[in-house]
Amino acid sequence: MPIYYYEAVTEACEHCRRGFECLQKLSSPPLAACPRCDCAVRRVPAAPSLAGGARLDRRTLEAHGFTQYRRAGRGRYEKTAGRGPQTLDAGD
């Protein structure tokens with residue numbers, strides 16, 4: 001179940017003025033009111049978060065067209081997956 005973030009639309013209590021999170025089923029309709037003060041609230045769009053099970057290994061990254069670099073020193077990065085130059089230097 002996803003966690004949705006809500007914020008107050010009008011004057012509100014401390015709970016919804018700062019915003020709050022609510023764990024809801026995908027099929028549940030968005031909340032229309034704060035559960036504490038009954039003031040109007042709206043759901044705020046947020047970027048999804050990846051669970052710990054997301055695999056970012058070399059083959060997965062390359063299959064999806066990504067390039068990955070790892071820091072090899074101060075201002076220097078070495079490619080670990082994908083297309084592109086073998087190294088990147090901050091001075092270039």
Side-chain angles (χ1 to χ4, degrees):
M1 284 194 298
I3 298 174
Y4 293 106
Y5 185 78
Y6 288 89
E7 68 181 10
V9 175
T10 60
E11 291 293 323
C13 70
E14 185 66 24
H15 175 69
C16 59
R17 185 178 325 125
R18 289 189 328 235
F20 64 93
E21 295 176 341
C22 182
L23 181 66
Q24 292 180 287
K25 291 182 180 181
L26 285 171
S27 59
S28 298
L31 296 178
C34 172
R36 294 190 183 172
C37 71
D38 209 32
C39 287
V41 295
R42 69 180 181 99
R43 188 160 55 188
V44 179
S49 61
L50 297 175
R55 296 197 55 205
L56 296 177
D57 63 14
R58 179 185 177 110
R59 285 185 300 174
T60 302
L61 290 167
E62 289 176 348
H64 289 88
F66 289 98
T67 301
Q68 180 182 50
Y69 289 89
R70 298 218 189 248
R71 187 174 184 180
R74 189 172 190 171
R76 182 174 168 83
Y77 296 86
E78 294 178 348
K79 182 176 71 172
T80 58
R83 297 170 48 178
Q86 284 299 116
T87 61
L88 296 176
D89 292 307
D92 290 349

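Along the sequence shown, the residues carry numbers beginning at 1.
Looking at every heavy atom in both residues, G84 comes nearest to K79 through O-NZ, 3.1 Å. Counting all heavy atoms, side chain and backbone alike, E21 lies closest to Y5 at CG-CD1, 3.9 Å. The nearest pair of heavy atoms linking V41 to C16 is CG1-CB, 4.1 Å. The two atoms that bring Q24 and P29 nearest to each other are NE2-O, 3.3 Å, heavy atoms only. Scanning both residues, R58 and A81, for their nearest heavy atoms gives CG-CB, 3.7 Å. For the pair A12 and A8, the tightest heavy-atom approach, listed with the atom from each and the gap, is CB-CB, 3.4 Å.
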- Decide yes or no on side chain to side chain contact (heavy atoms under 4.5 Å, CB included) for E7 and R42, but give the supporting numbers first. CA-CA 6 Å; E7 68 181 10; R42 69 180 181 99; 2.3 Å; yes
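Residues satisfying the ring pair (Phe, Tyr, Trp, His ring centres under 6.0 Å) criterion with F20, sequence neighbours excluded, are Y6, H15.
With salt bridges taken as basic N to acidic carboxylate O contacts below 4.0 Å, one links E14 and R17.
Here side chain to side chain donor-acceptor pair (under 3.5 Å) pairs that include residues 63-75, with residues two or more places apart or in two chains, are Q68-T80.
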